[in-house]
Number of protein chains: 2
Amino acid sequence: MAKKHNIPVETIKRTITYIRYLEREKQKGVKIISSRDITSLLNIPPAQFRKDLSFFGEFGKRGVGYNVDILIETLKQLLGLDRKVKAIVVGAGRLGTALVQYPGFLEINVEIIGAFDNDSKKIGQSIKGIDIYDIKNIKKFIIKNNVKIALLCVPSDSAQIVANILIEAGIKSILNFAPVVLILPEGINIANVDMASEIGSIIYRMKETVQ
Amino acid sequence: MAKKHNIPVETIKRTITYIRYLEREKQKGVKIISSRDITSLLNIPPAQFRKDLSFFGEFGKRGVGYNVDILIETLKQLLGLDRKVKAIVVGAGRLGTALVQYPGFLEINVEIIGAFDNDSKKIGQSIKGIDIYDIKNIKKFIIKNNVKIALLCVPSDSAQIVANILIEAGIKSILNFAPVVLILPEGINIANVDMASEIGSIIYRMKETVQ
DNA sequence: TAGATTGTTAATCGATTAACAATC
DNA sequence: TAGATTGTTAATCGATTAACAATC
């Protein structure tokens with residue numbers, strides 16, 4: 001029975017990993033795959049894969065496994081990754097310009113269509129065909145191109161201010177790379193990529209295991 | 001009573017956020033802070049802050065709050081962030097070179113001391129004073145400098161192979177930016193920064209809330 | 001002392017894992 | 001049919017939140 005809603009965030013993230021690995025198996029010519037086979041590649045228990053899928057519906061054949069092609073297509077559709085999704089990068093520093101051409105986004109159909117900055121030296125330049133625009137013109141751009149997602153790569157000091165501008169301009173979702181907690185209105189989606197706290201947690205674990 | 005071990009990963013990550021915000025309050029001249037005041041900046045319940053701290057020990061004064069200076073120093077020490085920690089970047093592409101100068105690492109005392117690549121065009125160059133070395137010489141470098149942490153920014157195809165080389169060379173912890181699941185021996189610490197699955201989860205949530 | 005805030009216990013909530021009936 | 005594997009229920013595990021006694 002197809003359920004909906006209240007799907008755990010971790011289930012969603014794992015599902016994207018499933019799609020990636022299913023694509024790779026498809027490349028190798030695999031047509032049918034079992035929960036045991038796919039999870040052995042991912043270092044997770046088979047039950048978790050089946051449980052995760054059960055949030056979306058039923059996709060397998062008992063005694064047989066899952067049709068790789070159909071599973072890929074269905075999962076992509078359910079997550080909204082079956083069509084190109086446009087996004088912009090805000091803050092065209094080292095990190096921002098790296099994200100403009102990050103291949104992992106293309107894999108899931110996310111396309112960066114522009115970058116923004118307030119530095120006149122950067123405005124007008126382009127990276128791999130993606131232009132850097134003046135942040136002053138961001139609202140026009142967002143409306144014209146119907147962009148809903150922004151990757152926020154500005155310095156910590158200005159992250160909240162720029163986030164406010166983005167929302168004012170019509171952005172609905174922010175992937176935040178600045179190590180600050182953004183305060184945002186209801187209805188805005190936020191995910192934080194906090195590289196420093198990831199590395200910090202590694203340092204702590206190392207301390208524990210070495211001692 | 002000071003406990004240890006089995007501290008949840010999420011508690012560790014939040015603790016790093018606490019340190020960052022305590023530093024900022026310290027800059028503003030705040031000497032004493034309550035769980036309510038700090039968590040109001042972080043959008044989390046005060047009880048979570050106190051619960052998190054309780055994994056490490058007792059640091060506050062009832063009826064008063066926490067001494068900002070002492071709390072910062074103690075938490076840093078407990079996490080192993082009170083002294084400089086050396087790390088290397090492996091894969092000197094766009095993302096790798098961005099990480100070399102990422103200011104968020106310095107904030108928590110992590111210092112990138114070198115970058116490695118197998119591309120002869122990159123080897124010998126330097127970014128902000130950090131040299132790019134031939135990956136062939138990585139083992140010597142790691143031993144000589146006693147490096148334990150690597151930031152892995154190579155293409156997905158080679159991530160597992162390069163990870164094996166790193167471990168062989170003596171690396172104990174890997175922060176992996178490639179969208180693959182690495183299979184590693186017991187005792188090696190791993191954290192994954194999966195930007196694509198973060199953005200994918202945002203797309204799904206947007207789909208749900210808009211409909 | 002009275003008011004405030006901690007540290008911790010207990011209750012709640014949610015996610016993971018195990019087990020197994022359903023069924024291909 | 002016999003063997004295999006799914007989908008789901010129930011059990012377990014862990015994390016978050018609420019409540020409050022301790023105490024500054």
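All values below come from the heavy atoms of this structure, side chains included, with hydrogens, waters and symmetry mates left out. Chain naming here is simple, since letters A, B, ... match the order of the sequence lines and numbering starts at 1 in each.
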Aromatic centroids of B:Tyr66 and B:Tyr18 separated by under 6.0 Å: no
Short side-chain to backbone donor-acceptor contact, A:Tyr133 and A:Phe141, under 3.5 Å: no
Consecutive Watson-Crick or G-U pairs in runs of at least 3, all under 3.5 Å, in which DNA chain D is involved: C:3-24 with D:3-24
A:Arg14 side-chain N/O to C:dT16 phosphate OP1/OP2 under 4.0 Å: yes
B:Asn145 side chain to B:Val147 backbone, donor-acceptor under 3.5 Å: no
Nucleotide nearest A:Ser34 when distance is taken to its side chain, options C:dT16, D:dT17, D:dT6: D:dT6
Length of the line joining A:Glu10:CD and C:dT17:C1', which is rounded to integer Å: 16 Å
Spacing between A:Lys61 atom NZ and C:dA22 atom P, to the nearest angstrom: 21 Å
Below 4.0 Å: OP1/OP2 of D:dG7 and any side-chain N or O of A:Tyr66: yes
Atom pair distance, as rounded to whole Å: CG in B:Asn67 and C1' in C:dT6: 15 Å
A:Glu208 and A:Arg205, any side-chain heavy atoms less than 4.5 Å apart: no
Option among A:Ile112, A:Leu151, A:Ile138, A:Val100 that satisfies the side-chain contact (heavy atoms from CB on, under 4.5 Å) test with A:Ile88: A:Ile138
Contacts of B:Thr11 that satisfy side-chain hydrogen bond (donor to acceptor under 3.5 Å, both in side chains) - sequence neighbours left out: B:Asp52
Short side-chain N/O contact from B:Ser35 to OP1 or OP2 of C:dT6, under 4.0 Å: yes
